[in-house]
J.: 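So that we are looking at the same thing, I have put the structure below in structure tokens.
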Protein chains: 2
Amino acid sequence: MVQNADPLNLCLLKVSCAECSLVELCLPRCLDPADMKQLEGIVRHRRPLQRGEVLYRRGEPMRALYAIHSGSVKNHMSVPGGGEQILGFHLPGNLLGLDGCGTDSYTCTATTLETTSICEIPYGQLESLCALVPGLNREFHRLLGRAIGAEQAMLLMLGNKKAEERLASFLLHLSRRYCERGFSPLRFNLSMSRHDIGNYLGLALETVSRQFAHFQEAGWISVDRREISIHQLDALKKLVTHTLEEETGNIA
Amino acid sequence: MVQNADPLNLCLLKVSCAECSLVELCLPRCLDPADMKQLEGIVRHRRPLQRGEVLYRRGEPMRALYAIHSGSVKNHMSVPGGGEQILGFHLPGNLLGLDGCGTDSYTCTATTLETTSICEIPYGQLESLCALVPGLNREFHRLLGRAIGAEQAMLLMLGNKKAEERLASFLLHLSRRYCERGFSPLRFNLSMSRHDIGNYLGLALETVSRQFAHFQEAGWISVDRREISIHQLDALKKLVTHTLEEETGNIA
DNA sequence: CGCCGGATTGACTGAATTCAACCGTCGTGG
DNA sequence: CCACGACGGTTGAATTCAGTCAATCCGGCG
């Protein structure tokens with residue numbers, strides 16, 4: 001209802017933040033209409049990117065932040081001894097490039113996983129606007145803080161979870177994020193390859209494949225190529241929380 | 001020279017930011033004298049904490065950020081299925097509590113590793129001051145960005161490095177940080193236990209111990225209890241970069 | 001049709017965990 | 001003063017989880 005009647009052209013239109021369905025998730029969240037208007041003034045809309053195109057590259061001067069309007073993006077960096085490490089997957093409403101705040105240049109590369117449309121927010125102008133609009137500054141800090149929190153959650157995972165739990169966490173996380181965006185939490189398409197998932201989770205792609213098979217045999221999910229259906233969310237949740245505590249009753 | 005003549009009492013004195021030896025590392029970095037004066041106005045100095053005391057706890061409302069004046073602190077959180085995950089070790093000049101920006105409550109717990117003195121910066125007042133002092137706001141953003149970058153580096157490590165490389169990275173990182181603070185990069189004391197190191201690096205404490213032994217047998221370091229001497233920094237560096245590329249010549 | 005990339009499956013290997021014994025240091029209390 | 005236990009650390013042996021190598025499958029595309 002809120003959206004334009006022609007979804008196919010949505011990404012080509014200059015959708016204002018106020019009209020965007022993602023306003024509750026994105027940077028303008030919680031801004032009053034006047035402040036939102038100001039923010040809209042500096043946002044630029046770029047042509048949609050094709051799958052595999054690079055939004056920005058590690059080391060480039062950080063001139064802008066990018067909000068995903070539709071599509072998905074992976075953040076990654078090459079590791080010194082050869083190879084690549086994926087640091088995150090981003091969905092509509094997410095803000096990219098925050099890592100660049102620390103050094104004035106991006107610390108990782110952002111590559112689209114599918115056709116993706118983007119809103120560009122020039123960083124200098126955002127900083128200036130933050131100085132004028134306290135609510136925006138506060139929200140920006142909140143987003144930075146949440147980026148830190150998200151990475152901490154990931155550190156926790158890589159630090160002490162087994163392959164099975166990692167993949168379950170990954171699926172649950174995706175499920176929740178799709179749900180927040182108004183999509184089904186029980187049926188969605190993975191925009192990333194098994195290789196990418198494994199890389200992200202610190203696992204070999206074969207291990208990812210095997211764990212998917214394992215979940216499927218247990219009847220918890222169905223997976224066909226990139227399409228996932230979750231049948232027993234609870235089973236996956238139990239896997240994530242109850243581990244290493246086989247013998248615990250009501251203790252702790 | 002810059003410091004007070006009586007080091008034992010230093011932590012009890014109200015050392016101004018301008019006088020603090022950490023000014024180049026800490027939040028006031030790059031502020032002009034007038035702005036620094038303003039920041040000093042809101043900083044509070046707390047009594048030194050003993051080893052093992054908790055500075056703040058996960059879930060508590062985030063009322064302040066904390067700068068370490070002397071000592072060291074670990075950031076950690078309990079994992080759902082029991083156990084603990086350490087997310088970072090912090091040294092003088094580091095700012096703690098940034099993770100709380102995202103949710104208005106701390107996402108992890110901060111515990112001292114030794115006697116530690118702290119400067120407290122009330123968050124509300126800092127936000128207000130940021131609105132008035134653009135340079136401070138900019139610097140605050142930079143610190144948030146660097147926190148993100150630091151965690152990305154850690155994700156990279158946990159994602160695809162072996163035990164040997166992890167420990168070498170860990171030592172090199174500590175070495176560099178001590179160096180930045182004017183201490184010897186080649187001889188220092190670990191303020192954390194083997195258990196903590198292992199937990200942080202995603203390894204069993206026995207593995208940490210064995211790798212230390214391995215480095216020592218190779219003549220790269222000497223380690224006695226908590227005291228580390230690095231004899232061949234280059235050997236450790238080589239370990240971190242050149243891995244998985246035994247056969248590479250000039251390629252790539 | 002045959003090729004190619006992504007995904008699956010199987011067999012084998014190995015790095016790191018786990019379990020366990022042992023050691024040295026420190027602090028406490030008899 | 002020494003005995004004791006607690007704690008942190010080291011070392012050894014057995015186990016296991018996941019990585020590696022390799023063969024095969026499947027769907028899409030030229």
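Chain letters run A, B, ... following the sequence lines, proteins first, then strands; residues in each count from 1.
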J.: Side-chain polar contacts of residues 167-176 of chain A - donor-acceptor pairs under 3.5 angstrom, sequence neighbours left out - could you list them?
T.:
{"from": "A:Ser169", "atom 1": "OG", "to": "A:Glu165", "atom 2": "O", "distance (Å)": "3.0"}
{"from": "A:Ser175", "atom 1": "OG", "to": "A:Pro185", "atom 2": "O", "distance (Å)": "2.6"}

J.: Rounded off to whole Å, could you give me the CZ-to-C1' distance for the A:Arg210 and D:dA23 pair?
T.: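 Rounded to the whole Å, the gap is 13 Å.
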J.: Assign A:Ser193 to base, sugar-phosphate, or nothing according to its heavy-atom contacts below 4.0 angstrom with the strands shown.
T.: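 Answer is sugar-phosphate: A:Ser193 comes under 4.0 Å of backbone atoms only.
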J.: Relative to the 5' end of DNA chain D, which residue comes earlier, B:Ala213 or A:Ala204, by the nucleotide with the nearest heavy atom?
T.: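 Closer to the 5' end of DNA chain D: B:Ala213.
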J.: Grab the CD-C1' distance between B:Gln216 and D:dT11 for me, whole Å please.
T.: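 To the nearest whole Å, that distance equals 14 Å.
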J.: If only atom types and distance count, is the side chain of A:Asp99 paired as donor or acceptor with the main-chain N or O of A:Thr107 below 3.5 Å?
T.: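 Indeed, once roles are kept as given, a pair shorter than 3.5 Å links the two residues.
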J.: Examine D:dT10: is either OP1 or OP2 under 4.0 Å from a nitrogen or oxygen in the side chain of B:Arg194? Give yes or no.
T.: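 Yes, such a contact exists.
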J.: Check DNA chain C against residues 219-229 of chain A and give the residues with a non-hydrogen atom under 4.0 Å, in numerical order.
T.: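 A:Arg225, A:Arg226 - these, ordered by number, are the residues of the stretch whose heavy atoms sit under 4.0 Å from the strand.
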J.: Can you check whether A:Gln50's main-chain N or O pairs, donor with acceptor, with A:Glu53's side chain at less than 3.5 Å?
T.: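 It does hold such a pair.
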J.: Starting at CG of A:Asp196 and ending at C1' of C:dG5, how long is that distance when rounded to a whole Å?
T.: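 A:Asp196 atom CG is separated from C:dG5 atom C1' by 14 Å.
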J.: After noting the C-alpha distance and the side-chain angles of A:Gln85 and A:Tyr200, does the key distance pass the side-chain contact (heavy atoms from CB on, under 4.5 Å) rule?
T.: CA-CA 7 Å; A:Gln85 176 65 45; A:Tyr200 178 58; 5.5 Å; no
J.: The side chain of B:Glu206 is closest to which nucleotide in this list: C:dT17, C:dA20, C:dA16?
T.: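 Per side-chain heavy atoms of B:Glu206, the pick is C:dA20.
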J.: Measure the acute angle between the ring planes of B:Tyr66 and B:Tyr106, then classify it against the limits of 30° and 60° as parallel, tilted or perpendicular.
T.: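 Correct class here is tilted.
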J.: Quick check for you: among D:dA18, C:dT18, C:dA16, whose closest atom lies nearest to any side-chain atom of A:Thr207?
T.: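 Nearest to the side chain of A:Thr207 among the choices is D:dA18.
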J.: B:Ser222 pairs by side-chain hydrogen bond (donor to acceptor under 3.5 Å, both in side chains) with which of B:His231, B:Glu227, B:Gln216?
T.: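 With B:Ser222 as partner, side-chain hydrogen bond (donor to acceptor under 3.5 Å, both in side chains) holds for just one option, B:His231.
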J.: Counting the atoms with a prime plus P, OP1 and OP2 as sugar-phosphate, which does A:Gly198 contact under 4.0 Å by heavy atoms, base, sugar-phosphate, or nothing?
T.: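 Contact class for A:Gly198: none.
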